[in-house]
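Below is one structure; the comments refer to it alone.
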Amino acid sequence: MDYLKGLNPPQREAVEHTEGPLMIIAGAGSGKTRVLTYRIAHLIHAKKVDPFQILSLTFTNKAANEMRGRIEQLIGLEARNTWMGTFHSVFAKILRVESEKLGYPSNFTIYDTDDSKSLIKTIVKEMRLDDKIYKPNTVLSRISGAKNRLISWENYINDPYIKADDEAALKPKMGEIYRAYQKRLFKSSAMDFDDLLFNTNVLFRDHVDVLNKYQQKFRYVLVDEFQDTNLSQYLITKKLAAVHQNICVVGDDAQSIYAFRGADIQNILNFEKDYPDLFVVKLEQNYRSTKTIVEAANSIIEKNKAQLKKIVWTHNDHGDLVELIKSTSDNEEGRMVASAIFEERNNKKLNNSDFAVLYRTNSQSRAIEEALRKMNITYKIVGGLSFYQRKEIKDLMSYMRFVVNQDDEEAFKRIINYPKRGVGASSVEKILVAAYEHDIPLWEVLNNASSFLSGRAANSISDFTTMIKSFQMETERKDGYEAASTIAKQSGLLRELYEDKTIEGLNRYENVQELLNAIKEFVDNTENEDKSLGAFLQEIALLTDNDRDKDDTDAVTLMTIHSSKGLEFKQVFVVGMEEDLFPSQMMMQSREDLEEERRLFYVATTRAMEKLYLSYALTRYRFGRLLNCEPSRFLEEVDPSCIRVNKRKGSQLASTFRDQTNGREGKTGFIGLKRPATRAKTAKIHTPSPDFKPSNTNNLAEGMQVEHPKFGYGKVLKVEIEGSNKKATIGFKDFGDKTLLLSFAKLRIVE
DNA sequence: ACAACCTACGTTTTT
DNA sequence: CGTAGGTTGT
């Protein structure tokens, strides 16, 4: 095969080792995507594997699309026939086919995070719980954490250790909320993101015939970004590959940055234990970056303890030194970045698209944007507030969702009184209570509204159901675009927006038009066989904004480090290198957390091909106040011989002065970023030490002293592992012995 | 039922 | 600072 010639020996090995379990440890910039695509091409061409039998799982649609495109370049249209997509999209597809085995209709809705939070909020309210204690975010992340580890609500409620943890956190009703949440999702014929994976596990567990079918179907299973899989995802792939054992995982433990959503770096670190005859290939030659950048990145990542051994090296030139940009305020930081881009672009004849500005949090984009706008540099923002999260878009989509699935409670709540039709909160509540308490489908309740609502409200509901029915007929008869246009017009939504002549109103109107255009595009695309509204909804439920922007204007890219993974740019600016911002204060509760932040820094630096800039500001606006900042500890971890300090000066003093007096400096003065000692009391019984922060309990051992927010000080008596769970029995001075599930426990190790 | 005002709260990352 | 949610008044 002549296409194998361009590969180096380990790359080639990875491509040609097609049978049996294989793990490819792919360092940054080592040509991972290339190996993956060649491998698939090799399977199809040399090994004559039917493309339908190859399943490739990625984390983002972008990665999947890119891979598909590149395979197509290699072997042509045959590539279309391989199964390729994100975990969520592939298994959503399978669940649609098999949904009835789980009691779901095949037109189930996929709830996004906003829907989930809103549902949790109503449940908390209905249960008359304190919404200060049961915040939607907290509850959802707890439920999500459980689902990712395959703990059902039944398991959750019955597990004494989880119960103890929740009680300790003063959130004893968590299990009840989880239960109500799942029941409600089911009644709404809806799944949240985690359910797509959770339910796939249930499907494979309870229906051996189904599992068998897919085991036979997918003879080759490939997992990209394996370091970011959670337990739920890992078990799915393991089960699928159990018969043929042709599982190939590709990843880089140094780039694992999604622990917050359940990714378990142990999956990659311990992969060998699950597959004793595992073949391991390491790709260590970096083709992307200069020696300086590779060295700087290596000097950062080597501080981490938990990692697989690997030495990333390159043949490339040394290139420029890493440039350290110091500035006195976030606005000045923006100006310096913008002027550096301006100069470099002119001096080196580069395009805007050769530059990227990376930051830790989305809110940091503002200052950069302003500076770029002032210098007339085109930029685009990746991520941030999603198009699909905008109110007007969610409203129209909710109409479409409700027409397709009348059980969808969240969609119903959005549209029942928008545009206003005289159905207020109390009427809505009556309807929902009727549906929930007597376990009647929502749609049935709506069709009998007159039996329990006052005349006026009942009439409105009746008009509403008539309208929805007409939309349903429209949807059955016509394609998705025509149906959606009818819905937008006849619901009155478009008129409502049209009448709003403010700038925002105009924007909203245009956004709705853009959504309609997207549907038109979907319908006109010859690759899509099913052109119904339902098909469109399924398609976009799992799309993020990142997948939408196809425009190829020459622009500087602004994004979070997380969304930069897998990309590369000639010149990269990592801004906001300040302690407590990066590494993030909120994140830092243990050594493991610091290591994840460090991996994030590693990911950021390794995006750069030719030149890397690290930048920090001494003051920054946050919550509308000017805060003092210190340079990040990470800056000290970079090998100093790789760095030089930026000499740019400009009128720093004057501009700093302006920044700080702009608006309301002076009276309150600067507020130190260092967290004040005052902390909220978390328990009545025991007030934890003022600096109480849960430690990571992975390395908890017998005899250690620990502190618990409710039970106070105690001593570790026993640590044991049960299945995938780790538990510790702790003797507390005032509360006796308690056994806690460590993954959920809030414990501080007393040094 | 709805608009106008007022207060509290949060900003970590994404499928 | 901006937003979401709650409370008041019509």
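Keep in mind that the numbers below use all heavy atoms, side chains included, and drop hydrogens, waters and symmetry copies. All chains are named by letter (A, B, ...) in the order of the sequence lines, taking the proteins before the strands, and each is independently numbered beginning at 1.
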> Has A:Ser563 got a side-chain N or O lying under 4.0 Å from the OP1 or OP2 atom of B:dT14?
Replying inline: yes
Those residues at least two apart in sequence (or on a different chain) that pass side-chain contact (heavy atoms from CB on, under 4.5 Å) with A:Thr138 are A:Lys135, A:Lys171
Taken to the nearest whole Å, CD1/A:Ile381 to P/B:dT14 is 13 Å
Contact check, residues 111-120 of chain A vs DNA chain B, heavy-atom distance under 4.0 Å, returns A:Thr113
For A:Val433, the side-chain contact (heavy atoms from CB on, under 4.5 Å) test, sequence neighbours excluded, returns A:Glu429, A:Glu437
Ring pair (Phe, Tyr, Trp, His ring centres under 6.0 Å) filter on A:Phe226, not counting sequence neighbours, yields A:Tyr234, A:Phe271
Separation of B:dA1 atom C1' from A:Lys430 atom NZ, nearest Å, is 13 Å
Between CG of A:Asp593 and P of B:dT13 the distance, given in whole Å, is 16 Å
Of A:Ser427 and A:Phe59, the one whose nearest nucleotide on DNA chain B sits closer to the 5' end is A:Ser427
Residues at least two apart in sequence or cross-chain that pass side-chain contact (heavy atoms from CB on, under 4.5 Å) with A:Ala367, listed by chain then number, are A:Asp330, A:Asn331
Q. What is the nucleic acid contact for A:Thr86, judged by heavy atoms within less than 4.0 Å: base, sugar-phosphate only, or nothing?
A. sugar-phosphate
Whole-Å distance, A:Tyr258 OH to B:dT15 C1', equals 9 Å
DNA chain B nearest-nucleotide lookup for A:Lys420 and A:Ser89: closer to the 5′ end is A:Lys420
A:Thr557 meets the side-chain contact (heavy atoms from CB on, under 4.5 Å) criterion, sequence neighbours left out, with A:Ala356, A:Lys380, A:Val382, A:Met559, A:Phe569
Anything under 3.5 Å between a protein N or O and an N or O of nucleotides 6-10 of chain B, put it in a table, one pair a line.
| residue | atom | partner | partner atom | Å |
| --- | --- | --- | --- | --- |
| B:dG10 | OP1 | A:Lys135 | NZ | 3.3 |

side-chain hydrogen bond (donor to acceptor under 3.5 Å, both in side chains) filter on A:Asp463, not counting sequence neighbours, yields none
Those residues at least two apart in sequence (or on a different chain) that pass salt bridge (Lys or Arg N to Asp or Glu O under 4.0 Å) with A:Lys303 are none
Atom CG of A:Asn417 and atom P of B:dA1 are separated, to the nearest Å, by 8 Å
Taking 4.0 Å as the cut-off, does a side-chain nitrogen or oxygen of A:Ser584 come that near to OP1 or OP2 on B:dT13?
no
In whole angstroms, the gap separating C1' of B:dT15 from CD1 of A:Ile257 amounts to 13 Å
The ring pair (Phe, Tyr, Trp, His ring centres under 6.0 Å) partners of A:Tyr418 (sequence neighbours excluded) come to none
Those residues at least two apart in sequence (or on a different chain) that pass side-chain hydrogen bond (donor to acceptor under 3.5 Å, both in side chains) with A:Thr560 are A:Ser563
Separation of B:dT15 atom P from A:Phe87 atom CZ, nearest Å, is 14 Å
Salt-bridged, A:Arg335 to A:Glu370, with N to O below 4.0 Å?
-> no
Please tabulate, one pair per line, each protein N/O and nucleotide N/O from nucleotides 2-10 of chain C that are separated by under 3.5 Å, including the distance.
| residue | atom | partner | partner atom | Å |
| --- | --- | --- | --- | --- |
| C:dG5 | OP1 | A:Lys121 | NZ | 2.2 |

Notebook entry, point to check: With a 4.0 Å cut-off, would you call A:Glu637 and A:Arg598 a salt bridge?
Noted result: yes
